[in-house]
Amino acid sequence: VEHARSLGIDIVYQDLALIPGLSVYHNMFLNREKLHWPLLNNRAMRRIAREHLDEMGVNIPSVNVSVAQLSGGQRQAIAVARAVFEDAKILLLDEPLAAMGVKEGAMILDLVRDLKRRGDVSVIIIAHNYGQVFEICDRVNLVQQGEITFDRRSSDTSVKELTDLVVEEYRRALQERHGAA
């Protein structure tokens, strides 16, 4: 992970990798704490976290609240902001809208759109919900058994085409399993 980060690549995992009992600002600086030797420089971390979240348009009540008090969408936004804060040039989002309601999902999609507009971060989304993929992505890749089997601009394909490809793969796998049994 550290090597990838040193190359400007960061990931927001589906489970977010946040610590619920810690404050927002402590989560923003996990493993990157600012020190005023020998203590944490909480004042600086609070100020920098607030400035960064405001700059990204992430709306939370306070950087002092624990992550456990935030909604799923707010937590996801904190995880994304933390990755971008570290100057990621490539950001991988693993199922960024999993188990989120429509309102929270829309907030995260807006955040990703803002990142795209800024143009300083390339975003790769790993998702099974094709509707979300087409709403935000410029290009679609389908990975089957570890190989990219489909690569098109979003405007040159459809949810139906992707679904048909996946259903075809599923049927082929069933036939192979039943034929081999």
Check: [Y] and [X] side chains under 4.5 Å, non-hydrogen atoms:
| X | Y | result |
| --- | --- | --- |
| Glu135 | Arg113 | yes |
| Gln76 | Pro96 | yes |
| Val24 | Leu53 | yes |
| Ile90 | Leu7 | no |
| Phe134 | Leu162 | yes |
| His26 | Asn42 | yes |

| field | SB check Arg118 Asp114 (cutoff 4.0 Å) | value | no
| said: For a side chain to side chain contact (heavy atoms under 4.5 Å, CB included) check, start with the C-alpha distance between Ile48 and Phe29, then their side-chain angles and the critical distance, and finish with the verdict. | reply: CA-CA 10 Å; Ile48 294 167; Phe29 282 93; 3.7 Å; yes
Do the side chains of [X] and [Y] join up, straight or via other hydrophobic residues, at under 4.5 Å, putting them in one cluster?
| X | Y | result |
| --- | --- | --- |
| Leu30 | Leu93 | no |
| Ile126 | Leu91 | no |
| Leu22 | Ile60 | no |
| Val140 | Val123 | no |
| Leu142 | Val159 | yes |

Work out which heavy atom in [X] is nearest to a heavy atom in [Y]; give both atom names and the distance.
| X | Y | answer |
| --- | --- | --- |
| Ile19 | Val67 | O-CB, 4.0 Å |
| Arg152 | Glu161 | NH1-OE2, 2.6 Å |
| Met28 | Ala49 | CG-CB, 4.2 Å |
| Leu109 | Ile136 | O-CD1, 3.5 Å |
| Gly21 | Ser66 | O-CB, 4.1 Å |
| Ser154 | Cys137 | OG-O, 2.6 Å |

About how many Å separate [atom2] of [Y] and [atom1] of [X], when rounded to the nearest 0.5 Å?
| X | Y | atom1 | atom2 | result |
| --- | --- | --- | --- | --- |
| Ile108 | Arg75 | CD1 | CZ | 12.5 Å |
| Met107 | Leu97 | CE | CG | 10.0 Å |
| Arg82 | Leu18 | CZ | CG | 5.0 Å |
| Asp120 | Leu115 | CG | CG | 7.5 Å |
| Arg46 | Tyr25 | CZ | OH | 4.0 Å |

| request: Could you pull out all residues at least two apart from Arg171 that satisfy salt bridge (charged side-chain N to carboxylate O under 4.0 Å, His left out)? | output: none
| Is there a donor-acceptor pair closer than 3.5 Å between any side-chain N or O of Glu95 and the backbone N or O of His128? | yes
| Which residue pairs pass the side-chain hydrogen bond (donor to acceptor under 3.5 Å, both in side chains) test when at least one of the two sits in residues 136-146, sequence neighbours left out? | Lys116-Asp138, Arg139-Asp151, Gln144-Thr149, Gln144-Glu169
| Does the side chain to side chain contact (heavy atoms under 4.5 Å, CB included) test come out yes or no for Val84 and Met56, once each step is laid out? | CA-CA 9 Å; Val84 173; Met56 288 188 65; 4.2 Å; yes
| Taking it one step at a time, do Ile125 and Leu92 satisfy side chain to side chain contact (heavy atoms under 4.5 Å, CB included)? | CA-CA 6 Å; Ile125 297 176; Leu92 296 162; over 6 Å; no
| query | Could you walk me through whether Leu40 and Met45 pass the side chain to side chain contact (heavy atoms under 4.5 Å, CB included) check? | reply | CA-CA 9 Å; Leu40 291 176; Met45 290 189 297; 4.0 Å; yes
| request: Count the heavy atoms belonging to other residues, nucleotides or ligands that lie under 6.0 Å from CG of Leu174, then report whether that count exceeds 12. | output: yes
| query | Can you list the residues that meet the side-chain hydrogen bond (donor to acceptor under 3.5 Å, both in side chains) rule with Lys103, with sequence neighbours excluded? | reply | none
